[in-house]
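Everything below concerns the one structure shown next.
Numbered from 1 within each chain, the chains take letters A, B, ... in sequence-line order. Only a predicted model underlies this, so the values are computations on that prediction, with no experimental measurement involved. All heavy atoms count here, side chains included; hydrogens, waters and symmetry mates do not.
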2 protein chains.
Amino acid sequence: MIPIARPFARIAERLRGVGLRPTRQRLSLGRILFAKGDRHVTAEMLHDEAQADGVRVSLATVYNTLNQFTAAGLLREVAVDTGRSYFDTNTSRHHHFYDHRGRELTDIPAEGLRVQGLPRPPEGLAIDRIDVVVRLKKA
Amino acid sequence: MIPIARPFARIAERLRGVGLRPTRQRLSLGRILFAKGDRHVTAEMLHDEAQADGVRVSLATVYNTLNQFTAAGLLREVAVDTGRSYFDTNTSRHHHFYDHRGRELTDIPAEGLRVQGLPRPPEGLAIDRIDVVVRLKKA
DNA sequence: TCAATAGTTTAGAACAGTTATAAACAAGAA
DNA sequence: TTCTTGTTTATAACTGTTCTAAACTATTGA
Ligand SMILES: [Mn+2]
Ligand SMILES: [Mn+2]
Ligand SMILES: [Zn+2]
Ligand SMILES: [Zn+2]
């Protein structure tokens with residue numbers, strides 16, 4: 001009943017809920033990812049942060065975990081730059097500012113943003129998702 | 001005066017115009033890229049197509065050429081999938097449908113499409129470009 | 001409580017896409 | 001032509017990611 005004292009309890013439930021065993025590695029990575037609000041991380045960023053936190057986990061496991069969390073709907077992947085995958089802890093519909101210099105993503109809430117005048121998709125295909133990326137430059 | 005008979009003439013001019021020597025490789029790649037309307041190609045696609053056309057050119061040169069053409073404003077890069085760069089012969093403002101299965105890009109004209117309600121960019125930064133990617137799935 | 005089982009982690013190899021290196025080569029100027 | 005500088009190329013190197021297979025661990029149910 002004191003969630004602060006059991007930081008893994010909720011995460012363990014979420015993992016079991018999607019059929020993943022709550023291992024030490026997944027719990028630690030889950031805590032890093034979900035403890036402090038919305039985040040956009042690469043595998044290497046998460047691995048470095050885990051190391052800094054004293055969590056021993058291999059890079060392969062970081063990749064496995066990010067991909068499993070994404071498949072389970074706990075994360076979503078954002079494609080803004082080729083050669084580097086970003087994983088977003090905010091899985092709700094929203095968009096992004098992208099600062100290509102600083103390689104930094106910032107959320108744009110879906111509410112308030114409207115994309116109007118889209119043509120019909122090609123025959124046999126339907127819209128899965130609309131991603132708006134606002135690329136930034138120095139003012 | 002007969003452009004069909006001198007398919008390289010216009011391309012040679014464009015290359016000189018951006019400070020690139022009109023070499024056999026650049027002229028051939030330029031012809032493949034710009035001869036048949038708007039295209040979205042990867043380096044490997046362009047290399048394969050060149051080979052099929054009997055154009056002898058290394059993959060390194062294809063990469064160099066795509067990057068040089070992009071820097072010169074003759075092409076633009078589209079980031080829809082990590083791990084694979086697409087180059088777009090349509091450098092005007094427009095957007096894309098992306099079929100993730102078939103790895104195929106289709107243009108969405110900028111005219112008619114409106115993105116409204118964007119928040120102000122973070123302090124010190126300005127909007128460089130807005131990219132709308134409409135991801136498709138089977139209907 | 002303790003196997004047995006199936007899922008998980010890991011080091012390291014492998015892989016894909018791309019860029020760097022440096023030597024051979026070709027375009028353009030003189 | 002010659003000279004200079006830009007270009008091409010094979011190949012090595014590099015980055016991000018996935019694969020492999022052996023060691024390990026969470027879970028189950030006897
Ligand atoms: Mn980039
Ligand atoms: Mn993909
Ligand atoms: Zn986000
Ligand atoms: Zn396009």
Side-chain angles (χ1 to χ4, degrees), chain A residues 8-9 11-30 32 40-51 54-72 74-75 77-87 100 103 105, chain B residues 8-9 11-30 32 40-51 54-72 74-75 77-87 100 103 105:
Chain A
F8 287 168
I11 295 168
E13 303 264 321
R14 292 181 78 178
L15 292 179
R16 284 201 196 84
V18 298
L20 295 171
R21 289 187 183 172
T23 62
R24 172 180 64 76
Q25 290 87 341
R26 286 183 183 143
L27 290 170
S28 297
L29 295 175
I32 292 172
H40 304 93
V41 303
T42 64
E44 195 175 358
M45 285 168 58
L46 181 57
H47 186 241
D48 289 352
E49 192 169 337
Q51 306 276 95
V55 175
R56 278 174 28 263
V57 58
S58 71
L59 185 55
T61 295
V62 171
Y63 274 106
N64 288 341
T65 300
L66 287 171
N67 288 329
Q68 290 155 351
F69 283 14
T70 301
L74 269 40
L75 292 176
E77 200 172 348
V78 185
V80 284
D81 214 345
T82 60
R84 200 178 317 276
S85 271
Y86 285 83
F87 294 87
H100 188 265
R103 289 177 174 174
L105 280 165
Chain B
F8 286 167
I11 295 169
E13 303 263 322
R14 293 181 77 177
L15 291 179
R16 284 201 197 86
V18 298
L20 295 172
R21 289 186 183 172
T23 62
R24 171 179 65 75
Q25 291 86 341
R26 287 183 183 142
L27 289 170
S28 296
L29 295 176
I32 292 172
H40 304 94
V41 304
T42 64
E44 193 177 344
M45 285 167 58
L46 182 56
H47 186 242
D48 288 353
E49 191 169 338
Q51 305 276 98
V55 174
R56 279 171 31 262
V57 58
S58 72
L59 185 55
T61 294
V62 171
Y63 274 106
N64 288 340
T65 300
L66 287 171
N67 288 329
Q68 290 155 350
F69 283 16
T70 301
L74 269 40
L75 292 175
E77 200 172 346
V78 185
V80 284
D81 214 345
T82 62
R84 201 178 317 276
S85 272
Y86 285 83
F87 294 86
H100 189 265
R103 289 178 174 173
L105 280 165

Value in whole Å for how far the [atom2] atom of [N] lies from [atom1] of [X]:
| X | N | atom1 | atom2 | value |
| --- | --- | --- | --- | --- |
| A/Asn64 | C/dT10 | CG | P | 9 Å |
| B/Met45 | C/dA16 | CE | P | 18 Å |
| B/Arg16 | C/dA27 | CZ | P | 11 Å |
| B/Gln68 | C/dT18 | CD | C1' | 14 Å |
| B/Arg24 | C/dA27 | CZ | C1' | 13 Å |
| B/Glu44 | C/dT18 | CD | P | 9 Å |
| B/His47 | C/dA16 | NE2 | P | 16 Å |
| B/Leu59 | C/dG17 | CG | C1' | 9 Å |

Reading DNA chain C from 5' onward, which residue's closest nucleotide shows up sooner: A/Arg56 or B/Phe87?
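Final value for this comparison: A/Arg56.
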
Among C/dT8, C/dT10, C/dA20, the nucleotide that comes nearest once only the side chain of A/Arg21 is considered:
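That would be C/dT8.
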
As a test of reading the structure: which of C/dT18, C/dT9, C/dG28 is closest to the side chain of A/Arg26, going by heavy atoms?
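Among the listed nucleotides, the one closest to the side chain of A/Arg26 is C/dT9.
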
With a strict under 4.0 Å distance from non-hydrogen atoms of chain B, what nucleotide opens and what nucleotide closes the contacted stretch of DNA chain D, reading 5' to 3'?
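In short, chain B contacts DNA chain D from D/dT5 to D/dA10.
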
Indicate whether any N or O donor in one side chain lies under 3.5 Å from an N or O acceptor in the other, for A/Ser85 and A/Glu77.
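Yes, side-chain donor-acceptor contact under 3.5 Å.
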
How is A/Asn67 classified with respect to the nucleic acid when contacts are heavy atoms under 4.0 Å: base, sugar-phosphate, or nothing?
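The answer is sugar-phosphate, as A/Asn67 gets under 4.0 Å only of primed atoms, P, OP1 or OP2.
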
Quick one: label B/Thr23 by what it contacts on the DNA or RNA (base, sugar-phosphate, nothing), any heavy atom closer than 4.0 Å.
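Contact class for B/Thr23: sugar-phosphate only.
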
Does [N] have OP1 or OP2 under 4.0 Å away from a side-chain N or O of [X]?
| X | N | value |
| --- | --- | --- |
| B/Thr42 | C/dG17 | no |
| B/Arg84 | C/dG17 | yes |
| B/Gln25 | C/dA26 | no |

Could you grab the distance from atom CZ of A/Phe87 to atom CG of A/Asn67, nearest 0.5 Å is fine?
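Here the interatomic distance stands at 5.0 Å.
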
Residue from A/Val55, A/Thr42, A/Val62 passing side-chain contact (heavy atoms from CB on, under 4.5 Å) with A/His47
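Only match with A/His47 under side-chain contact (heavy atoms from CB on, under 4.5 Å): A/Val62.
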
For B/Gln51, does the CD atom sit with more than 12 other heavy atoms under 6.0 Å from it, leaving out its own atoms?
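Enclosed: over 12 neighbouring heavy atoms sit under 6.0 Å from CD of B/Gln51.
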
Would a 4.5 Å heavy-atom cut-off, applied to side chains only, mark B/Leu27 and B/Leu15 as touching?
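A side-chain contact under 4.5 Å exists here.
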
When you compare the side chain of B/Gln25 with that of B/Thr65, does any pair of heavy atoms fall below 4.5 Å?
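B/Thr65 vs B/Gln25: side chains apart.
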
A/Arg24 (side chain) donor-acceptor with A/Val57 (main chain) under 3.5 angstrom:
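Flag not set: sc A/Arg24 to bb A/Val57 has no pair under 3.5 Å.
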
